[in-house]
J.: 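Dropping the structure in here first, questions after.
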Amino acid sequence: MGKYWLFKSEPDVFSFADLAASPGKTAPWDGVRNFQARNFLRDEVKPGDQVLFYHSRIQPPCIVGIAEVVREAYPDPTAWDPTSPYSDSRSTPEKPLWYAVDVRCTREFASPVTLPMLKSDPALEGLLVIRKGMRLSIQPVSETHFRHILKMGD
DNA sequence: GCCAACGTTGGC
DNA sequence: GCCAACGTTGGC
């Protein structure tokens, strides 16, 4: 049974359009440098899982489309790339600390589902992203919430 | 650009 | 192993 997630990205860094323009509409989800998010990526995010693509640090923050996980977790090579902004010398190919997955863009929403929309919808009570101070960049989403947000976007 | 909230680091 | 200081996230 596939799971559902919300992945956050600052569109200035990597946007949904960037994913759509990638070869095969597929790109690595790398640069995750938070342990809780890492644990989700490494242990629970699996191929076939559905992902809400969330744009943060824009006005308004919003979910812009859907992606699908197409490759399970593998050691994040940006960690040992000294030219990468995500470089972290504690992680090595022999003892990886950070992980990435690959995701493929599947569908852009007809209209983005904004954070105010998410917050004002009683059906989305408990959705993590609307919680004050919630900074986690990889968040589990219930199937009910996922289906509801899908309807809002189409 | 500000700053509250949070996660991580490192001195003790 | 506590916790103050620091760095980062992300809504506003």
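Worth knowing before you read on, the calculation uses all heavy atoms, side chains too, and leaves out hydrogens, waters and symmetry mates. Lettering of chains follows the sequences in order, A, B, ..., and the numbering in each one begins at 1. Just so it is clear, the structure is predicted and the values come from calculations on it, not from any experiment.
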J.: Check this for me: A/Lys3, atom NZ, are more than 12 non-hydrogen atoms of other residues, nucleotides or ligands nearer than 6.0 Å?
T.: yes
J.: With side-chain contact (heavy atoms from CB on, under 4.5 Å) as the test, would you mind laying out the steps for A/Ile66 and A/Gln50 before giving the verdict?
T.: CA-CA 7 Å; A/Ile66 307 296; A/Gln50 302 294 307; 3.7 Å; yes
J.: Decide, yes or no, whether a salt bridge links A/Asp76 with A/Arg38 under the criterion of side-chain N to carboxylate O below 4.0 Å.
T.: no
J.: Answer yes if the ring centres of A/Phe53 and A/Trp29 are under 6.0 angstrom apart, and no otherwise.
T.: yes
J.: Using 30° and 60° as the class boundaries, would you call the ring planes of A/Tyr4 and A/Phe146 parallel, tilted or perpendicular?
T.: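 The rings of A/Tyr4 and A/Phe146 sit tilted, inter-plane angle from 30° to 60°.
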J.: Kindly work out whether a path of hydrophobic side-chain contacts (I/L/V/M/F/W/Y, heavy atoms less than 4.5 Å apart) joins A/Val51 to A/Val101.
T.: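 The answer is yes; both residues are in one hydrophobic cluster.
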J.: Do you know the tightest heavy-atom contact between A/Val129 and A/Lys8?
T.: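 A/Val129 and A/Lys8 have their closest heavy atoms at CG2-CE, 4.2 Å.
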J.: DNA chain B: A/Lys132 or A/Arg33, which has the more 5' nearest nucleotide?
T.: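 Nearer the 5' end of the strand: A/Lys132.
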J.: Looking across every strand, which nucleic acid part, if any, lies under 4.0 Å from A/Arg38 by heavy atom: base, sugar-phosphate, or nothing?
T.: nothing
J.: Indicate every side-chain donor-acceptor pair of residues 39-47 of chain A with a distance under 3.5 Å to a residue at least two apart or in another chain.
T.:
| residue | atom | partner | partner atom | Å |
| --- | --- | --- | --- | --- |
| A/Asn39 | OD1 | A/Arg42 | NH2 | 3.3 |
| A/Asn39 | ND2 | A/Phe35 | O | 3.4 |

J.: Would you work out how much the helix from B/dG1-C/dC12 to B/dC12-C/dG1 bends between its ends, with each end axis defined by five base pairs, to 10 degrees?
T.: 10°
J.: Going 5' to 3' through nucleotides 7-12 of chain C, assign each nucleotide B (protein heavy atom under 4.0 Å from a base atom), S (under 4.0 Å only from sugar-phosphate atoms) or - (no protein heavy atom that close).
T.: BBBBBB
